[in-house]
K.L.:
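Following this message is one structure expressed as structure tokens.
Per chain, numbering begins at 1; letters A, B, ... match sequence-line order.
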Protein chains: 2
Amino acid sequence: MQREQIDQVRRFNRTVTARVGVLHDSYLGRDRSIGAARLLWEVDAHEGSDVRRLRDRLGLDSGYVSRLLRSLEADGLVTVERQERDGRVRTVRLTGAGREELATLDGRSDELACSLLEPLNEVQKARLVRSMAEVDRLLTAATVTVDAVDPDHPDARHCMGAYFAELHERLSSGYDPDLSLLPDAAGLRPPRGLLLLARLHGEPVGCGGLKLPEGAPAEIKRMWVAPGARRLGLGRRFLAELETRARGLGRTVLRLDSNGRLEAALALYRSCGYREVPAFNDEPYADHWFEKHLDDGPAA
Amino acid sequence: MQREQIDQVRRFNRTVTARVGVLHDSYLGRDRSIGAARLLWEVDAHEGSDVRRLRDRLGLDSGYVSRLLRSLEADGLVTVERQERDGRVRTVRLTGAGREELATLDGRSDELACSLLEPLNEVQKARLVRSMAEVDRLLTAATVTVDAVDPDHPDARHCMGAYFAELHERLSSGYDPDLSLLPDAAGLRPPRGLLLLARLHGEPVGCGGLKLPEGAPAEIKRMWVAPGARRLGLGRRFLAELETRARGLGRTVLRLDSNGRLEAALALYRSCGYREVPAFNDEPYADHWFEKHLDDGPAA
DNA sequence: TGCATTCTCTGACTCTAGTCAGAGAACAGG
DNA sequence: CCTGTTCTCTGACTAGAGTCAGAGAATGCA
């Protein structure tokens with residue numbers, strides 16, 4: 001990585017933690033501890049979430065979270081009840097008062113935002129906001145992790161389910177997985193294949209599979225990115241990672257089939273060096289087929 | 001301010017405090033408290049600074065700073081000695097060990113920077129760094145305060161001294177304030193005029209004066225921005241603020257003289273709606289004269 | 001010289017944000 | 001039914017980051 005880039009990031013970190021970080025805490029924590037505020041935020045973001053999930057998402061100690069919840073409960077901001085299905089698990093829900101409290105916290109966030117923008121003129125404001133959006137987007141992208149998982153993992157199932165649902169919605173013909181040539185779970189498990197899963201803050205936000213048939217080119221399958229995680233370059237990252245792994249396994253050719261309705265996907269494949277080829281399978285839902293020779297060019 | 005802008009700033013704040021803020025602290029505070037690390041940083045930035053200045057810059061309690069200094073002193077990272085001039089004041093200086101410690105802290109900053117960039121591809125890295133630079137620049141700009149001060153205030157004297165020195169260096173003829181038509185301190189003190197001073201983190205970084213002669217147009221004088229604070233839109237901000245104040249005092253015409261060597265200044269005046277006019281005074285160091293009618297257009 | 005002020009330091013607190021070690025209920029599998 | 005595991009909770013403790021009220025030395029000014 002270049003020295004100049006690192007230095008700029010450091011300068012950014014210093015400026016931002018000094019200016020935003022400090023204010024952030026002082027604004028939010030005005031009469032509620034910032035731990036409690038964060039927890040409240042998290043409860044709101046995931047209605048009816050269980051304590052364990054909150055703990056994981058915030059990375060906090062179980063005892064600490066428990067104590068915070070007691071204090072929020074005492075203030076009437078949340079209710080905590082045992083789950084029907086599993087009596088050990090407890091579910092947290094915002095009350096009306098909790099929602100109000102959040103609204104005032106949001107108001108303070110607004111004040112902070114205004115105090116940052118206020119001294120600037122209109123041109124500067126617009127520029128700052130635009131750059132913040134870019135930083136936000138790219139830092140989020142950098143937070144996404146991509147790992148190989150077992151196709152039967154609940155997170156993987158979740159993504160594939162969402163993938164099928166989306167296909168069903170977007171293809172003119174609808175979509176029925178049973179009619180498709182998709183590999184089953186075993187077909188995406190080593191050594192017959194692999195499945196990459198992207199996670200953002202622990203939530204699954206995309207998947208990309210690779211089929212490794214013997215005596216035939218490797219095939220990319222089930223590339224999907226959750227709507228909320230698009231425009232983060234995740235598709236490109238999946239392709240790059242799949243290509244690297246395929247190359248590592250001695251493969252030199254990658255294939256995939258897709259559908260003309262999935263415009264963004266087609267554009268992605270083309271811009272990553274995939275060339276359209278005649279149909280190489282009978283996938284009923286495909287009307288475009290692509291191929292890439294891994295030594296053809298960079299995956300970037 | 002627009003709702004959309006505020007929301008974007010809030011999103012930015014959340015992402016950045018979560019991603020950068022937390023890591024920042026955990027990286028820096030690995031075996032030294034982050035208060036101590038910040039103090040060390042500040043001592044380094046201002047060699048031989050006195051305790052009071054450190055306290056002011058970091059916004060900390062005197063007792064707290066004193067205690068932090070004792071601990072840094074005990075670890076051999078700084079030395080604290082009484083000042084010659086004023087025996088109450090104590091001066092802090094880094095030792096060699098302190099410099100080393102800082103270097104390892106910097107190394108951690110680098111690690112943090114890398115960890116932020118690492119998951120991204122080259123295009124994304126370049127974009128992120130560019131946007132960070134922009135955010136950094138504009139947040140810094142927003143941190144600058146502009147207030148009216150007395151022309152005899154040490155900060156004001158500092159700026160005007162720097163202004164003269166810069167003129168002397170840049171004008172082909174050199175510059176001698178005594179030959180110039182500059183107003184003295186009283187001429188920039190209400191009601192005969194006013195002086196605005198810009199400060200960044202408490203340090204003076206620019207000035208802009210207004211002369212308010214009776215029966216003649218108001219005149220802008222001694223506009224100067226410190227080299228380290230340029231490209232923050234400060235000149236524009238001075239002009240806008242001076243125009244607002246002039247308008248508030250019933251003035252409708254502003255004038256100023258300048259020198260062709262100060263290209264950036266001329267460009268600024270032109271882009272802010274100042275029109276070049278024939279010489280309206282005998283200022284020996286001027287070769288360009290400008291005028292603006294305050295109802296002519298926006299100051300933005 | 002005396003008095004108020006400035007500057008740094010010390011001692012005694014406080015509050016937040018945790019950590020750690022279990023306890024006890026609920027569940028899962030044999 | 002027993003055993004081990006999971007999940008939440010409680011009690012006891014700690015470190016960091018300050019705050020507050022003076023004390024004591026040095027200085028400035030009348």
Side-chain angles (χ1 to χ4, degrees), chain A residues 17-18 21-43 48-75 78-93 154, chain B residues 17-18 21-43 48-75 78-93 154:
Chain A
T17 49
V22 174
L23 287 178
H24 181 79
D25 294 359
S26 66
Y27 268 79
L28 281 191
R30 217 139 68 191
D31 48 25
R32 187 161 305 281
S33 83
I34 116 138
R38 283 214 298 155
L39 187 57
L40 214 50
W41 237 106
E42 205 55 45
V43 173
S49 50
D50 43 275
V51 176
R52 149 155 263 241
R53 184 173 185 178
L54 294 172
R55 220 188 303 138
D56 286 354
R57 299 245 344 178
L58 295 170
L60 299 176
D61 175 82
S62 71
Y64 184 39
V65 168
S66 176
R67 224 176 302 275
L68 285 175
L69 282 175
R70 284 306 76 67
S71 91
L72 291 178
E73 213 177 1
D75 293 354
V78 301
T79 58
V80 182
E81 311 163 345
R82 45 180 288 179
Q83 210 180 50
E84 282 297 301
R85 263 208 349 249
D86 183 339
R88 290 168 302 184
V89 177
R90 307 199 37 172
T91 307
V92 186
R93 228 170 273 282
Chain B
T17 49
V22 173
L23 287 178
H24 180 81
D25 294 359
S26 66
Y27 268 79
L28 281 191
R30 218 137 71 191
D31 47 25
R32 187 161 306 283
S33 82
I34 112 139
R38 284 214 297 156
L39 187 56
L40 214 50
W41 237 107
E42 205 55 47
V43 173
S49 51
D50 43 275
V51 176
R52 149 154 263 239
R53 183 174 184 176
L54 293 173
R55 220 188 303 139
D56 286 354
R57 298 244 345 178
L58 294 170
L60 299 176
D61 175 82
S62 71
Y64 184 39
V65 168
S66 176
R67 224 176 303 274
L68 285 175
L69 282 175
R70 284 306 77 64
S71 89
L72 291 178
E73 214 177 0
D75 293 353
V78 301
T79 57
V80 183
E81 313 162 342
R82 45 178 290 177
Q83 209 179 51
E84 282 298 299
R85 260 206 353 247
D86 183 341
R88 292 168 301 183
V89 177
R90 306 199 36 173
T91 306
V92 186
R93 228 170 274 279

K.L.:
Round to the nearest Å and state the distance from B:Q83 atom CD to C:dT6 atom P.
P.N.:
17 Å

K.L.:
Whole-Å distance between D:dA17 P and B:R55 CZ?
P.N.:
19 Å

K.L.:
Between A:L60 and B:S66, who's closer to the 5' end of DNA chain C by nearest nucleotide?
P.N.:
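Per heavy-atom nearest nucleotide, the more 5' residue is B:S66.
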
K.L.:
When only distance counts, do a donor and an acceptor, one from the side chain of B:R88 and one from the base of C:dT6, lie under 3.5 Å apart?
P.N.:
yes

K.L.:
Rounding to an integer number of Å, can you tell me how far B:D50 CG sits from C:dC9 P?
P.N.:
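It is 11 Å, rounded to the nearest whole Å.
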
K.L.:
Which nucleotide wins on minimum distance to the side chain of B:R67, given the candidates C:dT10, D:dT8, C:dC7?
P.N.:
C:dT10

K.L.:
Any side-chain N or O of A:S33 below 4.0 angstrom from OP1/OP2 of C:dA17?
P.N.:
yes

K.L.:
Between A:Y64 and A:R85, name the one whose nearest nucleotide on DNA chain C is closer to the 5' end.
P.N.:
A:Y64

K.L.:
Is the shortest side-chain N/O distance from A:R52 to OP1 or OP2 of D:dT6 below 4.0 Å?
P.N.:
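Answer is no, no contact under 4.0 Å.
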
K.L.:
On a heavy-atom basis, which atom in B:S49 and which in B:V43 lie closest, and how many Å separate them?
P.N.:
OG-CA, 4.4 Å

K.L.:
With the threshold set at 4.0 Å, does a side-chain nitrogen-carboxylate oxygen contact exist between B:R52 and B:D50?
P.N.:
no

K.L.:
Consider only side-chain N and O atoms of B:R70 and B:S66, and report whether a donor and an acceptor are under 3.5 Å apart.
P.N.:
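Yes, a side-chain donor-acceptor pair sits under 3.5 Å.
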
K.L.:
Once you round it to whole Å, what is the distance between C1' of C:dG11 and CZ of B:R70?
P.N.:
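Checked: the CZ to C1' distance equals 15 Å.
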
K.L.:
Show your reasoning for whether side chain to side chain contact (heavy atoms under 4.5 Å, CB included) applies to B:R38 and B:L60.
P.N.:
CA-CA 11 Å; B:R38 284 214 297 156; B:L60 299 176; 4.0 Å; yes

K.L.:
Using whole Å, report how far CG of A:L39 lies from P of C:dT16.
P.N.:
16 Å

K.L.:
What integer distance in Å separates B:R53:CZ from C:dT8:P?
P.N.:
13 Å

K.L.:
In this structure, how many angstroms lie between the P atom of D:dA17 and the CD1 atom of B:I34, rounded?
P.N.:
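Nearest whole value for this atom pair: 6 Å.
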
K.L.:
Do A:S62 and D:dC9 have a side chain to base donor-acceptor pair shorter than 3.5 Å?
P.N.:
yes

K.L.:
With respect to the phosphate group of D:dC7, does any side-chain polar atom (N or O) of A:R90 fall under 4.0 Å of OP1 or OP2?
P.N.:
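Result: no.
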
K.L.:
Of all the choices, D:dT27, D:dG18, D:dT8, which nucleotide is nearest to the side chain of B:R38 once you look at every atom?
P.N.:
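From the listed options, D:dG18 comes nearest.
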
K.L.:
Of the non-hydrogen atoms in B:L58 and B:E42, which two are nearest, and what is the gap between them?
P.N.:
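Residues B:L58 and B:E42, closest heavy atoms: CD2-OE1, 3.9 Å.
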
K.L.:
When you match A:G63 and A:V89 each to their closest nucleotide on DNA chain D, which lands nearer the 5' end?
P.N.:
A:V89

K.L.:
Take atom CG of B:D61 and atom C1' of C:dT14, then tell me their distance rounded to the nearest Å.
P.N.:
13 Å

